[in-house]
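Here the structure is laid out as structure tokens; the discussion comes afterwards.
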2 protein chains.
Amino acid sequence: MRVVGIDLGSRRSGYGVVERQGQAIFCISWGEIKLSSNKKKLSQRLCSFYDHLEAIIKQYLPQEVVIEDLYVARNVKTAFVLGHLKGVAMLLAEKMSLPVFTYSPSEIKKAVVGYGRADKEQVRAMVQRLLQLPEMPGEHAADALAAALCHLHTLRL
Amino acid sequence: MRVVGIDLGSRRSGYGVVERQGQAIFCISWGEIKLSSNKKKLSQRLCSFYDHLEAIIKQYLPQEVVIEDLYVARNVKTAFVLGHLKGVAMLLAEKMSLPVFTYSPSEIKKAVVGYGRADKEQVRAMVQRLLQLPEMPGEHAADALAAALCHLHTLRL
């Protein structure tokens with residue numbers, strides 16, 4: 001079972017592709033999708049996000065897509081941009097016939113750190129350890145990998 | 001100049017295609033896109049919305065897309081669904097190389113009724129009158145036609 005986790009951010013989003021073989025879990029790839037500069041129109045930025053994510057899915061061929069649930073952002077404008085990105089990501093998954101699963105931020109933290117209110121550094125460190133990564137992933141990639149791990153963990157239970 | 005206006009709603013959205021020839025303005029088509037039932041997954045509903053809107057644009061070939069700005073909904077869940085729909089609509093416009101314009105609800109009302117806080121019945125009645133429609137359009141279609149009229153009005157100024 002191979003899944004791609006996605007962490008949405010208004011400036012950059014993270015992705016992480018993780019595979020489970022029996023009891024073992026491997027990291028296939030991770031990284032960030034930078035949203036093109038604010039100077040571009042929002043529609044262009046959404047399209048570039050869609051195209052980038054599509055290329056990642058075509059390259060790594062995950063069977064399922066995992067997205068962190070949106071929480072209410074402090075800033076309404078940011079909340080709407082996150083909503084647009086999530087809509088676009090879900091549309092892409094559907095167009096590629098991949099099922100979408102969502103988990104709350106606290107479910108994801110609990111799955112990798114055992115505590116729903118863990119801080120970002122803890123998540124990064126545990127993701128590195130669980131997946132035996134050569135370096136600590138960036139914040140967004142770590143959240144994306146954590147979402148993928150949370151899903152694989154939930155599937156196993 | 002032919003434009004399509006879109007009014008986003010969490011249960012049903014409206015569309016309205018309007019054309020300006022010199023000083024005259026004609027309504028080409030209007031209607032509603034029902035979001036498939038709540039029993040379907042959100043990703044499937046977004047995909048069906050995208051496909052439906054794509055079919056309308058391919059049929060009527062507007063040159064520009066007009067969308068009402070989102071305001072903060074009372075219900076956070078509804079706000080996110082509207083955000084997803086708007087993201088999907090903007091992505092579609094970009095994929096079809098159509099520029100997207102957005103106006104606030106009060107700008108749109110002002111353009112058709114002359115008053116930014118007009119009620120829905122007033123908007124429906126004025127849209128019917130301005131476009132000489134044989135019947136009063138439904139609420140969502142009227143809002144979509146009003147958005148298109150607002151854009152054509154703004155262009156003329």
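Heavy atoms only: backbone and side chains are in, while hydrogens, waters and symmetry mates are out. Naming: A, B, ... by sequence-line order, numbering from 1 per chain.
- Interface check for chain B: of the options A/Val88, A/Leu85, A/Val81, the most heavy-atom pairs under 4.5 Å are formed by A/Val88.
- Side-chain contact between B/Lys41 and A/Pro99 is present, with at least one heavy-atom pair separated by less than 4.5 Å.
- For the residue pair B/Cys47 and A/Leu91, the shortest heavy atom distance occurs at CA-CD1, 3.5 Å.
- With a 4.5 Å cut-off on side-chain heavy atoms, A/Glu94 and B/Leu46 do not count as touching.
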Working for side-chain contact (heavy atoms from CB on, under 4.5 Å), residues B/Asp51 and A/Lys95: CA-CA 10 Å; B/Asp51 292 343; A/Lys95 290 269 177 206; 2.5 Å; yes
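- A/Met96 and B/Tyr50 fall within the same hydrophobic cluster, where Ile, Leu, Val, Met, Phe, Trp and Tyr residues are linked whenever their side-chain heavy atoms come under 4.5 Å apart, directly or through other members.
- A continuous path of ILVMFWY side-chain contacts below 4.5 Å connects B/Phe101 to B/Met1, so both sit in one hydrophobic cluster.
- Atoms CZ and CG, from A/Phe80 and B/Leu82 in turn, are 7.0 Å apart once rounded to the nearest 0.5 Å.
- Note that the CE atom of B/Met90 and the CZ atom of A/Arg45 stand 10.0 Å from one another [nearest 0.5 Å].
- Between A/His84 and B/Leu70 there is a side-chain heavy-atom pair separated by less than 4.5 Å.
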